[in-house]
**Student:** 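Please find one structure pasted underneath; my questions will follow.
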Amino acid sequence: MRAAELLADGIARLRAAGLDGAAGDARVLLAYALDIPRDRLTLAMGDDVSTPAQHRFQTAITARAAYRPVAQIIGRRAFFGRDFAVTPDVLDPRPDTETLIEAALEQPFSRLLDLGTGSGAIALTLLAERPDAQAVAVDLSQPALKVAARNAKALGLSSRVTFLRSDWFGAVGGVFDLIVSNPPYIGVPELADLSRDVRDYEPRMALVPTDDDGSGLAAYRVICAQAQNYLRPGGWLRVEIGYRQGAAVQALFTEAGFDHVSLRKDLSGHARVVSGQAPLGQSPSEL
Ligand code: GLN
């Protein structure tokens, strides 16, 4: 069978399953099955496809028709221009989260802490962008830490990152210039509004905070309450938020004593990142 026929069949199967973006997904899955870069696909359309590659494609289409995220099927996702391994143990890095990277790169930092690192996409991107920086990246999930360590190795960043199993700050020591986090922020009542891809396949612990009261804010409460014990004076805390949480999370930052609390929007115009600066304190001359 030729690649073009296989693709048409795959698109039809994904459309029948009710998926938006069926054509784009089928193309990505075909490039994966053929083991060629996506931009080579058009040239390969007239080629005969080997039997193993046909099987690989059909298996991938079956998984996608059951709403498994494309990143989990192909095992990778591009984030901020780099490739990250993705498994069902980690949140699929999203373009929204690139807003957190842009915010974090606004100030210089050399010591970075990433809370709930998942695939490591945030910590590793920041290390790759700042060649003199060092990071501690923590997660409660040991399987997630294994994926993050794999990504660190693939990007040649292992020597600059320490991965730790930790419940937020629990196992963390030291003082940092920058703390970043994309914590779980979905309130239980909102789970029903998530797409099936996310709700049925992404790790629940990366989506919904433990002890949530329905607001999705539980992780921000823990992080805001303790962050200043781990930040140098003048250091920054920056977190990703759900688009309706801007006011609530800014209030938590302010109550915790952060200065210059601000909200940043993503490319879709949604509130996405809250930042605040740890107080500089009085300089000795003012005492
Ligand atoms: N942005 C994700 C979603 O809306 C949630 C990620 C998170 O909870 N940190 O599906």
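In what follows, residues are counted from 1 in the order of the sequence shown. Note that ligands are numbered from 1 as they come in the structure, with each ligand's atoms numbered from 1 the same way.
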**Student:** Got the closest protein heavy atom to atom 1 (N) of ligand 1, with its distance?
**Tutor:** Y185 OH, 2.9 Å
**Student:** Could you go through the salt bridge (charged side-chain N to carboxylate O under 4.0 Å, His left out) check for D139 and R165 one step at a time?
**Tutor:** CA-CA 5 Å; D139 208 289; R165 181 164 187 272; over 6 Å; no
**Student:** Report yes or no: does A206 have a heavy atom closer than 4.0 Å to ligand 1?
**Tutor:** yes
**Student:** First locate atom CG of D212, then atom CZ of R221, and finally report the distance between them rounded to the nearest 0.5 Å.
**Tutor:** 8.0 Å
**Student:** Starting from atom 3 (C) of ligand 1, find the nearest protein heavy-atom neighbour and note its residue, name and distance.
**Tutor:**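 The closest one turns out to be R94 NE, 3.8 Å.
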**Student:** Record the part of E202 in heavy-atom contact with ligand 1 below 4.0 Å; permitted values are side chain, backbone, both and neither.
**Tutor:**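 None of E202 does.
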**Student:** Provide, to 0.1 Å, the distance between atom 4 (O) of ligand 1 and the closest protein heavy atom, together with that atom's residue and name.
**Tutor:**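 Scanning the protein heavy atoms, the shortest distance from atom 4 (O) of ligand 1 goes to I186 CD1, 4.0 Å.
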**Student:** L237 and side chain to side chain contact (heavy atoms under 4.5 Å, CB included): which single residue from V274, L113, V180, I223 fits?
**Tutor:**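 Going through V274, L113, V180, I223 one by one, the side chain to side chain contact (heavy atoms under 4.5 Å, CB included) with L237 is satisfied by I223 alone.
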**Student:** Quick one: which ligand 1 atoms are inside 4.0 Å of a heavy atom on P184?
**Tutor:**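 Those of ligand 1 that fall under 4.0 Å from P184 are 8 (O).
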**Student:** Whether D96 and R272 form a salt bridge (side-chain N of Lys/Arg under 4.0 Å from carboxylate O of Asp/Glu) is what I want to check.
**Tutor:**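 Yes, charged N to carboxylate O under 4.0 Å.
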**Student:** Could you tell me which atoms of ligand 1, counted from 1 in the order shown, lie closer than 4.0 angstrom to a heavy atom of L91?
**Tutor:**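 Every atom of ligand 1 under 4.0 Å from some heavy atom of L91: 6 (C).
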**Student:** Can you tell me how far NZ of K146 sits from CZ of F163, rounded to the nearest 0.5 angstrom?
**Tutor:** 13.5 Å
**Student:** Answer with yes or no whether P183 contacts ligand 1, where contact means a heavy atom under 4.0 Å from a ligand atom.
**Tutor:**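 Judged by the 4.0 Å heavy-atom criterion, P183 does count as contacting ligand 1.
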**Student:** Rounded at 0.5 Å granularity, tell me how far CD1 in I11 sits from CG in D25.
**Tutor:**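 Reported to 0.5 Å precision, the distance equals 10.0 Å.
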**Student:** If we set the cut-off at 4.0 Å for heavy atoms, which region of V208 has an atom near ligand 1: side chain, backbone, both, or neither?
**Tutor:**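 Near ligand 1, V208 shows nothing, with every heavy atom at 4.0 Å or more.
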**Student:** For D96, is the nearest heavy atom under 4.0 Å from an atom of ligand 1?
**Tutor:** no
**Student:** Taking N or O atoms only and a 3.5 Å limit, does R272 qualify as a polar contact for ligand 1?
**Tutor:** no
**Student:** Please indicate whether any nitrogen or oxygen in N182 is less than 3.5 Å from any nitrogen or oxygen in ligand 1.
**Tutor:** yes
**Student:** According to the interplanar angle, ranging from 0 to 90°, do the rings of F84 and F79 count as parallel (below 30°), tilted (30 to 60°) or perpendicular (above 60°)?
**Tutor:**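 F84 and F79: perpendicular rings.
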**Student:** Measuring from atom OG of S215 to atom CD of Q245, what distance do you get when rounded to the nearest 0.5 angstrom?
**Tutor:**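 Here the interatomic distance stands at 7.0 Å.
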